[in-house]
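Working notes for the structure below.
Everything numeric here is computed off the predicted structure, so don't read it as measured data.
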Amino acid sequence: MIKYLGVALLSGVLALSATGCSSMIRNASMAVHYTDTGVNELDDYPILRATGYAVLSRQKGSTQAEKQINAMRASKMEAYRELTEQLVGVYVKAKNRNSNNIERSDTLTTEVEGLVHGARVVRQYPVGDTYCTELELDTKRIYDLYQIRGTL
C-alpha cells in the first residue's frame, strides 16, 4: 500500500512538473528520461513553495507567548495545506438548489488530503498581528527519498 502511495505521489509530482506550462515542456533542461522502474526522471525538478498565515490575536491562549506558539503551529499547518494542494490538487464539491428559477441555496465545499515528504521550513516570522510560515519542497528530494526506500 505504501509503495503504491509513494509511486502515485511521485507520479503526481512528476506529472505536475512536466505538464505545468507549455514553455516548460519545450525547455531542453526539462527533458524526461524513462527508467527501468517505469518512472519518468527529469533533468530539472521544480521547487514548490507555500506560505501559511495565522492571526495572532485570534489564537487561543492565556498569554501572548501561548498565542504566538499557537499561531506558529497554525501557520505551519496552513502552509502544509497549501503545499498539499500543489502536490495532489483540491477536491471541490459544489451544490446549487433552484426552485422556479430562484436560487434557494448554494454550497461549495473543498477538501485536501495527501502525504507530504521532504518539505522544510524556510522561515517563520511575525508581520504585525499575523504569523507567517514559508515551506519549500524540492521535488528531486522526493524522488531520492523514494529511491532510497526502494519504492520506485
Side-chain angles (χ1 to χ4, degrees), residues 1-25 27 29-30 39-99 102-152:
M1 171 79 175
I2 292 176
K3 179 178 181 177
Y4 296 114
L5 179 62
V7 171
L9 178 61
L10 180 61
S11 298
V13 169
L14 293 175
L16 174 69
S17 64
T19 61
C21 59
S22 59
S23 63
M24 283 178 61
I25 294 171
N27 187 347
S29 66
M30 291 296 288
V39 176
N40 292 332
E41 183 177 1
L42 303 174
D43 286 342
D44 287 333
Y45 291 82
I47 295 176
L48 304 177
R49 292 180 175 85
T51 305
Y53 303 95
V55 179
L56 283 161
S57 60
R58 304 279 316 240
Q59 301 302 314
K60 293 180 180 178
S62 56
T63 66
Q64 190 62 27
E66 285 179 16
K67 289 183 177 192
Q68 185 172 1
I69 290 171
N70 288 335
M72 290 171 69
R73 289 179 181 155
S75 66
K76 186 175 180 181
M77 295 304 294
E78 184 68 19
Y80 269 105
R81 184 199 53 79
E82 186 178 317
L83 196 58
T84 305
E85 286 179 3
Q86 294 178 49
L87 286 168
V88 297
V90 179
Y91 174 77
V92 179
K93 182 177 179 180
K95 204 184 272 190
N96 189 328
R97 190 172 66 94
N98 291 326
S99 175
I102 299 172
E103 185 174 315
R104 299 293 181 201
S105 67
D106 192 14
T107 306
L108 179 67
T109 305
T110 61
E111 186 177 308
V112 177
E113 185 177 335
L115 184 62
V116 178
H117 280 286
R120 69 181 190 93
V121 175
V122 176
R123 265 176 25 153
Q124 284 190 310
Y125 54 93
V127 177
D129 191 38
T130 305
Y131 211 87
C132 304
T133 300
E134 296 177 10
L135 290 180
E136 183 177 271
L137 177 64
D138 186 349
T139 54
K140 174 67 171 145
R141 188 170 180 197
I142 294 173
Y143 184 83
D144 292 342
L145 284 171
Y146 283 111
Q147 272 196 324
I148 290 169
R149 291 185 181 143
T151 55
L152 290 180

With R81, which residues qualify under side-chain hydrogen bond (donor to acceptor under 3.5 Å, both in side chains), at least two apart? E78, E85

Greater than 12 external heavy atoms within 6.0 Å of E103's CD: yes

Starting at CG of D106, measure out to CG of N96 and round the result to the nearest 0.5 Å. 4.5 Å

Going by side chain to side chain contact (heavy atoms under 4.5 Å, CB included), name the residues that satisfy it together with L108, two or more places apart in sequence or in a different chain. V92, A94

So CD of E134 and OH of Y125: to nearest 0.5 Å the spacing works out to 3.5 Å

Any residue meeting side-chain hydrogen bond (donor to acceptor under 3.5 Å, both in side chains) with Q124, in chain and number order, not counting sequence neighbours: T133

What pairs with E66 under salt bridge (charged side-chain N to carboxylate O under 4.0 Å, His left out), at least two apart in sequence or on another chain? none

Partners of S105 by side chain to side chain contact (heavy atoms under 4.5 Å, CB included), sequence neighbours excluded? R97

Please report the interatomic distance CG(D144) to NE2(H117), rounded to the nearest 0.5 Å. 13.5 Å

Before you tell me yes or no, could you show the steps for T84 and E113 under side chain to side chain contact (heavy atoms under 4.5 Å, CB included), namely the whole-Å CA-CA distance, both residues' side-chain angles and the distance that decides it to 0.1 Å? CA-CA 7 Å; T84 305; E113 185 177 335; over 6 Å; no

Taken to the nearest 0.5 Å, the spacing of I47 CD1 from R141 CZ works out to 11.5 Å

Side chain to side chain contact (heavy atoms under 4.5 Å, CB included) for L87 and L137? Distances and angles first, verdict last. CA-CA 10 Å; L87 286 168; L137 177 64; 3.8 Å; yes

Set of side-chain hydrogen bond (donor to acceptor under 3.5 Å, both in side chains) partners for R120, sequence neighbours left out: E136

